Asks: 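Here it is: the structure, laid out below.
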Number of protein chains: 2
Amino acid sequence: MADVAERAGVSIATVSRALSGAPGVSEATRARIRSLAQDLSYTVSPDAARLARGSNGRVAVVTPDVAHWFYASMLDGIVTALHDSDLDVLLYEVQEERERRRFFDELPARRQVDALVLIALPISADEHRRLDLMGVPVVMAGGTLGEHPHVRIDDVAAGRQATAHLLAAGHERVAMINATGHWTLEYAAPSERLRGFTEALHDAGLEVDADLVVHQRWGSTGGAEGMSRLLSLTRPPTAVVAFSDEMAFGALRTLRRAAVPVPRAMSVVGIDDHALADVLDLTTVHQAVDEQGREAGRLVQQVVQDGGARSPYVTLPTQLVVRGTTGPPPRRLA
Amino acid sequence: MADVAERAGVSIATVSRALSGAPGVSEATRARIRSLAQDLSYTVSPDAARLARGSNGRVAVVTPDVAHWFYASMLDGIVTALHDSDLDVLLYEVQEERERRRFFDELPARRQVDALVLIALPISADEHRRLDLMGVPVVMAGGTLGEHPHVRIDDVAAGRQATAHLLAAGHERVAMINATGHWTLEYAAPSERLRGFTEALHDAGLEVDADLVVHQRWGSTGGAEGMSRLLSLTRPPTAVVAFSDEMAFGALRTLRRAAVPVPRAMSVVGIDDHALADVLDLTTVHQAVDEQGREAGRLVQQVVQDGGARSPYVTLPTQLVVRGTTGPPPRRLA
DNA sequence: ATCCTCGACGTAAGCGTTTGCGCAGAAGAC
DNA sequence: GTCTTCTGCGCAAACGCTTACGTCGAGGAT
């Protein structure tokens, strides 16, 4: 910077002001300095600027799994939304319990960021406290976290939509393959989607058959196993709602291997509208994950700027997408 | 820090040394300072430290699409490998041509990172030059970039493996659905996999039928369309190798809709071993994407530390995974 | 007892910016 | 023409660390 200043015949203070867009510089000088900096391919050091300024133009994004479809889409949305703000993204992944603990212990993002966004990361009360202690705003994307701003979908409604679709088609024995988290800490989604399932049945005047609700590990394997269990029942269901599309995929595989025709003998509906749901022709409840991410991105910008004035709770709608894996129940043999 | 120093009754220099693990402090004092800092929940400001030290303990990862399976897995590997180094990850996404141009124009990572890793990002010669001008080491993950360290697979071999598998099963009319990039800049993978395809045919004493090589946009939709085109041929193939699993998924959808039994009437093989290849029972050539990412992560650590002494070229092997979408050709009607 | 060595620590000079304050000189009011 | 008000700019003090160099005292060698 000193170099630029010298060549421009001004002080470094003026260069700083010119480059940062601060007032107190004539347009002529500003332009001259700008072009000079360009020629010298000079950029201000973000670190030094942050030091002097105090705020640091970066946000941390914390996600349980970078590679997983849901988290990745969310991250994508966040990054996209932040793209033309001047915020950079510092990425942290906390896959296992151990890593999470360590993350909250060391808080490596500490003093490095102006805000934090968690992607659907369930945390303990103690961790929540430590987070608040960090002194920066926190945004939750894909869930809720105390009073902090969040963006999410209504999981109860999603479960309801999926279930209602099956009931409307005439099904009476409807099962649910629900997910259990891979952590000790609970995600809220499974219980809420289950609630939606239950409520939909009640609305139709039906009771929940405990045999028809199975819990499996999150993922397509879990879905496959869940379906196996349901098929082995003395009175199997005629339709099943899966916690997620991934689990539905697993369920479909089981059905294919068991040579159960879909949807002739069994209807399957997922939740998510995974990129490959279309490929597999899966009926599902669409949630706009990337849009949630973008919304979360906007939220943190807002929160960083004005300390967070607006009502920072966003709930995005979900829509049923009917494809080929659902249909009327098989004829009763009555 | 001044605070800690005062309470400990030492100078800030000593605190700095104690906390950073530098020599010149007695173990007793170090321990005292450490615990004091702990109590005050004090952390050194990374920014200030970087400023003073000159190097900045961060690497930038640049990816075309955070949400896409391949890039996301790669990123995951990188992040994982960097997890217990003291390098933080700054994430940049450049989806469109315009964004890429802007990225290389502004080089926002400039002066912020000690190294850059590009995830399978094709760049122009000019951009390459600008990158080198940045003065930090660059690692390419999932491709090659001049003399820079890289990690990748042998795409020619992958194409060969997929094709050879079909030939070994007895197929003689084998097609390929290849990908065209979504950018003007060429990826190397499509032409290399095609070369593998060609070579395998030649090895078997067969010629490439130009009609049987179709080019489509990357993605499952492209795969679907490619399959349609192949089916509409007067003499359709009996087997097809898809550029990627995603494209194979699309092809499978077309086949399902056209009621062409797989693999009875048509064999399909992909490349990648996508997470859902198993669900769809797709025969494919496995490449360990996350392992490539991890390798890339190790590479940048190494490069950051000792300026890059080792031979920094890694090529990971691929393996054929036989599942249910391939089989012998249908009987000749001869 | 004297000199040297060495380890533990303090002093202070940066690192590359931003920004409050002060100071000229030009423009406007009278 | 003088007096005020801006405007454009320079000076220098932070910002929160790291680190070369200097100091001081304890211990070992002689």
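Owing to the predicted nature of the structure, the values given are computational and were not obtained by experimental measurement. Residue numbers start from 1 in every chain, and the chains themselves are labelled A, B, ... in the order their sequence lines are given, proteins ahead of strands.
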Asks: What distance separates A/Leu145 CG from A/Leu118 CG, expressed to the nearest 0.5 Å?
Replies: 6.5 Å
Asks: With heavy atoms under 4.0 Å as the rule, sort B/Arg111 into base, sugar-phosphate or nothing.
Replies: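 Answer is sugar-phosphate: B/Arg111 comes under 4.0 Å of backbone atoms only.
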Asks: When we call it a touch if two heavy atoms are under 4.0 Å apart, what does B/Ser16 touch: a base, just sugar-phosphate, or nothing?
Replies: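 Here B/Ser16 touches the bases of the nucleic acid.
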Asks: Quick one: closest heavy-atom pair of B/Glu93 and B/Glu99, and the distance?
Replies: O-OE1, 3.7 Å
Asks: Go through DNA chain D in 5' to 3' direction and return only the first and the last nucleotide with some atom under 4.0 Å of chain B's heavy atoms.
Replies: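 First-to-last contact on DNA chain D, by the 4.0 Å heavy-atom rule, is D/dG16 to D/dA20.
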Asks: NA contact type, B/Ala13, heavy-atom cut-off 4.0 Å: base, sugar-phosphate, or nothing?
Replies: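 Answer is base: heavy atoms of B/Ala13 come under 4.0 Å of a base.
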Asks: At less than 3.5 Å, do the side-chain atoms of B/Arg17 and the base atoms of C/dG10 form a donor-acceptor pair?
Replies: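 A donor-acceptor contact between them is present.
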Asks: Regarding A/Arg110 and B/Thr43, do their side chains bring together a donor and an acceptor under 3.5 Å, going by distance alone?
Replies: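 A donor-acceptor contact under 3.5 Å links the two side chains.
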Asks: For A/Glu6 and C/dG16, give me the distance from atom CD to atom P, rounded to whole Å.
Replies: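 The distance from CD of A/Glu6 to P of C/dG16 comes to 15 Å, rounded to the nearest Å.
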Asks: Please classify the nucleic acid contact of A/Ser55 as base, sugar-phosphate, or nothing, using heavy-atom distances under 4.0 Å.
Replies: nothing
Asks: Quick one: B/Arg50 CZ to C/dG16 P, roughly how many Å, whole number?
Replies: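 Computing the B/Arg50:CZ to C/dG16:P distance gives 15 Å.
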Asks: Between B/Arg101 and B/Asp126, does any side-chain N to carboxylate O distance fall below 4.0 Å?
Replies: no
Asks: With a 4.0 Å limit, can you tell me whether B/Thr14 has a side-chain N or O closer than that to the phosphate oxygens OP1/OP2 of C/dC9?
Replies: no
Asks: Classify the ring geometry between B/Trp218 and B/Tyr71 as parallel (under 30°), tilted (30 to 60°) or perpendicular (over 60°).
Replies: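 Taking B/Tyr71 first and then B/Trp218, their aromatic rings stand perpendicular (interplane angle over 60°).
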Asks: What's B/Ser11 touching, base or sugar-phosphate or nothing? Going by heavy atoms closer than 4.0 Å.
Replies: base
Asks: Among A/Arg53, A/Arg111, A/Arg58, whose salt bridge (Lys or Arg N to Asp or Glu O under 4.0 Å) with B/Asp47 holds?
Replies: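 Only one of A/Arg53, A/Arg111, A/Arg58 forms a salt bridge (Lys or Arg N to Asp or Glu O under 4.0 Å) with B/Asp47, namely A/Arg58.
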Asks: Side chains of A/Asp76 and B/His68 only: does a donor on one sit below 3.5 Å from an acceptor on the other?
Replies: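 No, no side-chain donor-acceptor pair sits under 3.5 Å.
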Asks: Rounded to whole Å, please give me the gap between CD1 in A/Ile12 and P in C/dT18.
Replies: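 In whole Å, C/dT18 P and A/Ile12 CD1 are 9 Å from each other.
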Asks: 5'-most contact on DNA chain D: A/Val15 or B/Val15, nearest heavy atom basis?
Replies: A/Val15
Asks: If you pin B/Leu51 and B/Val10 to their nearest nucleotides in DNA chain C, which one's is more 5'?
Replies: B/Val10
